[in-house]
Number of protein chains: 2
Amino acid sequence: MITKLGARIRELRTKKKMLLRQLASQLDVDTSIISKVERGDRQLKKEQIPLLAQILKADVEELQTLWLADQLYNMLQGEPMAGEALKLVTKQIKKTK
Amino acid sequence: MITKLGARIRELRTKKKMLLRQLASQLDVDTSIISKVERGDRQLKKEQIPLLAQILKADVEELQTLWLADQLYNMLQGEPMAGEALKLVTKQIKKTK
DNA sequence: TATTGTCTTGACAAATAGCGGCAAATATAA
DNA sequence: TTATATTTGCCGCTATTTGTCAAGACAATA
């Protein structure tokens, strides 16, 4: 599975020469979880994003956006009507704002 | 909660002078489920859409699109970064196609 | 007002999906 | 090889979802 957030995390983490283990322990989860997150086997919980951003000294909103995009992509993956649904929702969201 | 699919179902069902009970029994669920679906308290399962379309003699793809849009809207509801995430995913989906 | 039929609501149970941990397997480096 | 880092599969627990049931609200009619 493709994951924008996972790719970004790995980018930030390696740039900081941080080990999976170190990021994991600060986030208070097992190392394997982070490995899976970076490779797109797992999704982080929404509530973990702020702490993650803090640890990586990254912009919270950027990571939250990527997280959301991953959720959406997940839901649309393989759906023939994905494009149509996106159009509808985009219109709907804009109206609400 | 707002629901595009629920509104459409009610529209189609009442136009056919069908009772909740009748639609429910054909879909093989309790009447209360349909009531909740139409009012946006519940979501149908994706797998139920084709049968639903058949019962209501509606276009499957239309109902699937509305169902998907409801899921997306649900996910984006109250998310500050909703707009940004939508943009990202729309781009991503187009590329994949 | 009582009755009947439809729809709605809330409490509960069963089924399902998702998260996290562990441990074994694999990769990378020294 | 040895040591360290990462990946992978599986399992248990929890949270969420789905459905049923029964009671309540509502509307039309006698």
Side-chain angles (χ1 to χ4, degrees), chain A residues 1-52 55-56 63-64 66-79, chain B residues 1-3 5-53 55-56 63-64 66-79:
Chain A
M1 194 227 136
I2 295 162
T3 166
K4 292 177 177 297
L5 180 59
R8 186 74 176 114
I9 293 175
R10 175 148 295 188
E11 187 179 15
L12 290 164
R13 177 178 66 81
T14 54
K15 192 157 291 175
K16 291 189 150 44
K17 303 214 187 304
M18 238 181 155
L19 299 177
L20 284 178
R21 166 161 49 84
Q22 302 174 308
L23 176 49
S25 90
Q26 291 198 63
L27 247 190
D28 196 34
V29 294
D30 191 84
T31 303
S32 65
I33 299 287
I34 306 298
S35 168
K36 286 165 186 166
V37 166
E38 290 186 353
R39 333 191 65 256
D41 279 15
R42 286 284 181 100
Q43 302 288 119
L44 280 179
K45 285 194 288 190
K46 187 163 57 173
E47 306 83 45
Q48 292 169 318
I49 304 295
L51 177 53
L52 176 71
I55 297 168
L56 294 174
L63 300 191
Q64 281 171 333
L66 296 177
W67 181 89
L68 246 191
D70 282 346
Q71 310 302 310
L72 295 177
Y73 186 78
N74 239 351
M75 175 160 290
L76 295 171
Q77 182 70 312
E79 291 287 344
Chain B
M1 194 228 138
I2 295 163
T3 166
L5 180 59
R8 185 75 177 113
I9 293 175
R10 175 148 294 188
E11 188 179 15
L12 290 165
R13 178 178 65 80
T14 54
K15 192 157 291 173
K16 290 189 151 45
K17 302 215 188 305
M18 235 180 157
L19 299 177
L20 282 179
R21 165 160 48 84
Q22 303 174 309
L23 176 49
S25 90
Q26 290 198 64
L27 247 191
D28 196 33
V29 294
D30 191 85
T31 303
S32 66
I33 299 287
I34 306 298
S35 169
K36 285 166 185 165
V37 166
E38 290 187 353
R39 333 191 65 256
D41 279 16
R42 285 282 181 102
Q43 301 288 116
L44 280 179
K45 286 194 290 191
K46 188 164 56 174
E47 306 83 45
Q48 292 170 318
I49 304 295
L51 178 53
L52 176 71
I55 296 169
L56 294 174
L63 300 190
Q64 280 171 333
L66 295 177
W67 181 89
L68 248 189
D70 282 346
Q71 310 301 311
L72 295 176
Y73 186 79
N74 241 349
M75 176 161 288
L76 295 171
Q77 183 68 315
E79 290 288 345

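Throughout, a chain's letter reflects where its sequence line sits, starting with A, and its residues are numbered from 1.
Each of R13(B) and L44(A) was matched to the nucleotide of DNA chain C holding its nearest heavy atom; the match closer to the 5' end belongs to R13(B).
Taking side-chain N and O atoms only, R42(B) has no distance below 4.0 Å to OP1 or OP2 of dT20(D). The side chain of K45(A) contributes an N or O atom lying less than 4.0 Å from OP1 or OP2 of dG20(C). Distances shorter than 4.0 Å separate some side-chain N or O of R10(B) from OP1 or OP2 on dT8(C).
Using a 4.5 Å cut-off on side-chain heavy atoms (C-beta onward), L68(A) and M75(B) make contact.
Among the atoms of the strands shown, only primed sugar atoms or phosphate atoms (P, OP1, OP2) are found under 4.0 Å from some heavy atom of R21(A). No engagement by E38(A) is indicated, since no non-hydrogen atom pair under 4.0 Å with the nucleic acid exists. Backbone-only contact: R39(A) has heavy atoms under 4.0 Å from sugar-phosphate atoms and none from a base. Note on Q48(B): only backbone sugar-phosphate atoms sit closer than 4.0 angstrom, heavy atoms only; bases stay farther off.
Listed for the R13(B) side chain is a donor-acceptor partner under 3.5 Å among the backbone atoms of M18(B). A donor-acceptor pair under 3.5 Å links the side-chain atoms of D70(A) to the main chain of K4(A), judged by distance alone.
Nearest nucleotide to the side chain of L20(B), out of dT8(C), dC10(D), dT6(D): dT8(C).
Within residues 27-37 of chain A, the residues approaching DNA chain D are S32(A), S35(A), K36(A), by heavy-atom distance under 4.0 Å.
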